[in-house]
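The model shown is predicted, which means the values in this text are computed figures rather than measured ones. By convention in this document, chain letters (A, B, ...) are assigned in the order of the sequence lines, proteins followed by strands, and residues within each chain are numbered from 1.
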There are 2 protein chains.
Amino acid sequence: MRILQSKSIANQVDEILLERIRDGIYLPGSRIPSESELSDELGVSRATVRTALAKLAANGFILRKQGNGTYVNEHVNETSAHFGNLWDLAELISGNGYNPSIRFLSIDRRPATEKEALVLALEEGEELICLQRLFYADQQPVILADNVIPYSLLRAPIENIDGKLHIREIFEQYFHQKISFVLTDIRSTLMAADAQEFLSGKAGRAILQLQTIFYGKNNMPLALGVNVFDDSFLHLSLAQAWS
Amino acid sequence: MRILQSKSIANQVDEILLERIRDGIYLPGSRIPSESELSDELGVSRATVRTALAKLAANGFILRKQGNGTYVNEHVNETSAHFGNLWDLAELISGNGYNPSIRFLSIDRRPATEKEALVLALEEGEELICLQRLFYADQQPVILADNVIPYSLLRAPIENIDGKLHIREIFEQYFHQKISFVLTDIRSTLMAADAQEFLSGKAGRAILQLQTIFYGKNNMPLALGVNVFDDSFLHLSLAQAWS
DNA sequence: ATGGAATATTATGTCAGACAACTTTGTGGT
DNA sequence: ACCACAAAGTTGTCTGACATAATATTCCAT
């Protein structure tokens, strides 16, 4: 990866370092190069490196010790999700050690329910795009993902939508919207009949449900997501730094 | 709050700003003072203010726009937990709009099970302190919290322990340990008989379980926590900034 | 008056260099 | 072998400057 000008430099440094942690170039528990060394190597100022390191530390990837050095959190590999991407289902699957893939189930149009209209700031009955997808972990179906998006936001023919893309790419390509932040509600629920149709496992067992609201620029709600999965197979674990 | 020398200055600034957001001095959606104004007001350098702001941004509390300003996330009040304190049950309760209080149920000693010994890096059968507490939201019992801690870590008489303290204070006062980070596993489970005894609600309904491992210096595991609560009453919602 | 381009202002992002605070390691003397 | 001290290395904080981006203002041409 090279330093470009599109994203902020600090965010690019952040991604580079995160990639090195994921790839095992910086091993769990080991000390990473000092701020000065990184700033020399990457050709950015020490202040920029510090910004990136601060974000990684806030998200629990690294631990910093004054006068000593910066260390990779020894338990990064025991966590399946991280704060920057709790809503990223593919990351959740790969974080559990499986190979993620997506199956496109269906795409539909239907009027919004009262609750959906409220959350998405729409009139009741406005038309929604209904996207249903199934996430696989090593060929095994594990997450049933439903997303609803206001039809009025669509900027491309609906039949062009590639359901296998990442949700963030879908928004960029077909809706010309960028996700600025997300709000996720974690619920415990029982396996319903429609979910059981796609996910292996007995009906009536307790499973996790992630209800996600995506927001774009100016706090405009973009979409609503409901994702259910069996947490006995797919663990949802998070690391958090102390101070 | 005054700037002291004990904690890092940036962390103190962080806490001050967070307090102002919580207290509504900085309202959701509004723009907060610029970095220069804050550095003048608090008597610290702009670099230090930036460190604090970077952490708040990483945790979704604020949004930063180059050339424009820094804004409080409009939805802070819709989130019950934040990444820095998912394991902080009192914060979870107050984040839901209730007044938290703690009832001390029991404290016991028993040998560690095989699984507990593995997680806590102990010999099987080593003695554990078993702390059971009940968290209330406005006088209503909502969270059943079990914590197990190796007896060998205790640095004070066991009968002195005040079960109403924050878990972080318990570690500092009676174990002389500081929590450096925590690892939380979020599970969906069914209301068991022993939990139903303390929590209102029908048996067999789906509830959330937070399994937390506390780590101290040098990645030493300090304690194990199992907290169960009904997520239909106490919502677990998280905000995450995009990039 | 009005619309639009140029300019000024203000905010965050990045850079450079310096010193402070802290930890570890090495050195030398006893 | 032990202890006090110095040295080196790393993160934390400070200062000042410029770059970049968004917004507000001014001014001119229509």
Is the distance from the ring center of A/Phe181 to that of B/His75 below 6.0 Å? yes
Among the candidates D/dT15, D/dT10, D/dG12, find the nucleotide nearest to the side-chain atoms of A/Ser34. D/dT10
Presence of A/Arg50 side-chain N/O under 4.0 Å of D/dG12 phosphate oxygens OP1/OP2: yes
Considering only heavy side-chain atoms of A/Asn68, the closest of D/dT13, C/dT23, C/dA11 is C/dT23
Options D/dT15, D/dT10, C/dC15, nucleotide nearest the side-chain atoms of B/Ser45: D/dT15
Whole angstrom value for the distance that separates P of D/dT13 from CZ of A/Arg64: 10 Å
Just checking, any donor-acceptor pair under 3.5 angstrom between side chains of A/His166 and A/Glu169? no
Out of D/dT15, C/dA11, C/dC15, minimum distance to the side chain of A/Ala47 belongs to C/dC15
No-hydrogen, no-angle side-chain donor-acceptor test under 3.5 Å, A/Tyr26 and A/Asp23: no
Could you state the atom-to-atom distance from CG of B/Leu42 to P of D/dC14 in whole Å? 11 Å
Whole-Å distance separating the NZ atom of B/Lys55 from the P atom of D/dT13: 12 Å
Base, sugar-phosphate or nothing for B/Thr70? Non-hydrogen atoms, less than 4.0 Å. sugar-phosphate
How many whole angstroms separate atom OH of A/Tyr71 from atom C1' of C/dC22? 13 Å
Rounded to whole angstrom units, what separation is found between the CG atom of A/Leu38 and the C1' atom of D/dT10? 12 Å
Looking at D/dG9, I'd like to know if its phosphate oxygens (OP1 or OP2) sit under 4.0 Å from a side-chain N or O belonging to A/Ser36. no
B/Arg46 side chain: which of C/dC15, C/dA21, C/dT14 is closest? C/dT14
Examine the base of D/dT20 for any acceptor or donor lying under 3.5 Å from a partner atom in the side chain of B/Gln66, and report the outcome as yes or no. yes
Whole angstrom value for the distance that separates C1' of C/dT10 from CD of B/Glu35: 12 Å
Select base, sugar-phosphate, or nothing to describe what A/Thr51 touches, counting heavy atoms under 4.0 Å on all strands. nothing
I want to check a possible cation-pi pair here: B/Arg64 against B/Tyr71, using under 6.0 Å from ring centre and within 45° of the ring axis as the test. no
Between the side chains of A/Glu91 and A/Arg22, is the shortest nitrogen-to-carboxylate-oxygen separation below 4.0 Å, so that they form an ion pair? yes
Rounded off to whole Å, could you give me the CG-to-C1' distance for the A/Asp40 and C/dA16 pair? 12 Å
Tell me: CZ of B/Arg31 to P of C/dT10, nearest whole Å? 11 Å
